[in-house]
Amino acid sequence: DMNFSEERIRVKPKIVIFEGKKPYDYIIKGCYEIKNSWNSTLGFGYYYSESENIHFIGYKRIYSNIATNKEIIAEKLKSIL
């Protein structure tokens, strides 16, 4: 059971990257109440919180194989940075 609340965050990142859909959805849906920001076809999720100036990126992974869609993640990071 993850007991997450914004009060516990002391560092304000510019980018948060989630490995897998489940942790991405947990935060984006649970904390921001944003639905349908995950693109199932691309295996990629993105949400930008204007009020906090934070970019949230999630990527699909297959078991221990990280980033099956590296090109999409790279392009999104380049556009942010």
Side-chain angles (χ1 to χ4, degrees):
D1 180 36
M2 294 173 63
N3 215 357
F4 180 81
S5 68
E6 187 167 334
E7 291 82 36
R8 294 183 184 189
I9 295 179
R10 304 217 190 285
V11 176
K12 291 294 183 183
K14 182 174 182 178
I15 302 169
V16 176
I17 300 174
F18 297 96
E19 182 181 273
K21 183 180 187 303
K22 193 171 186 176
Y24 174 84
D25 280 343
Y26 184 84
I27 299 301
I28 302 307
K29 287 180 181 177
C31 297
Y32 293 92
E33 299 179 352
I34 300 297
K35 297 178 181 176
N36 302 319
S37 65
W38 184 269
N39 183 322
S40 294
T41 304
L42 298 176
F44 179 80
Y46 175 75
Y47 170 67
Y48 173 66
S49 171
E50 281 189 49
S51 63
E52 297 173 308
N53 192 29
I54 301 175
H55 299 265
F56 295 92
I57 297 172
Y59 62 86
K60 180 180 176 181
R61 67 180 182 91
I62 299 174
Y63 303 103
S64 63
N65 293 330
I66 297 172
T68 58
N69 44 11
K70 294 175 189 162
E71 297 81 21
I72 297 168
I73 296 166
E75 288 302 315
K76 181 51 85 174
L77 287 173
K78 286 178 188 176
S79 73
I80 294 169
L81 299 173

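Keep in mind the model is a prediction, meaning the values are calculated, not measured.
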Measuring from [X]:[atom1] to [Y]:[atom2], what's the distance to the nearest 0.5 Å?
{"X": "K29", "Y": "K35", "atom1": "NZ", "atom2": "NZ", "value": "7.5 Å"}
{"X": "D25", "Y": "I34", "atom1": "CG", "atom2": "CD1", "value": "12.0 Å"}
{"X": "I17", "Y": "L77", "atom1": "CD1", "atom2": "CG", "value": "5.0 Å"}
{"X": "Y47", "Y": "I28", "atom1": "OH", "atom2": "CD1", "value": "7.0 Å"}
{"X": "E71", "Y": "L42", "atom1": "CD", "atom2": "CG", "value": "11.5 Å"}
{"X": "Y32", "Y": "E52", "atom1": "OH", "atom2": "CD", "value": "3.5 Å"}

Considering all heavy atoms of both residues, which atom of K60 and which atom of W38 are nearest to each other, and what is their separation?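 Looking at all heavy atoms of both residues, the shortest contact is N-CH2, 3.7 Å.
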
Please give me the minimum heavy-atom distance between K14 and I80, naming the atom from each residue.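 So the two residues come closest at NZ-O, 3.6 Å.
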
Do the ring planes of Y24 and F18 sit parallel (below 30°), tilted (30 to 60°) or perpendicular (above 60°)?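 The arrangement is perpendicular - the two ring planes meet at more than 60°.
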
Taking the six-membered ring of Y46 as reference, does the NZ or CZ atom of K76 fall below 6.0 Å from its centre and within a 45° cone about the axis?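 Yes, K76 and Y46 form such a contact.
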
Identify which one of I54, N53, I15 satisfies the side-chain contact (heavy atoms from CB on, under 4.5 Å) criterion when paired with Y48.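 Result for side-chain contact (heavy atoms from CB on, under 4.5 Å) with Y48: N53.
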
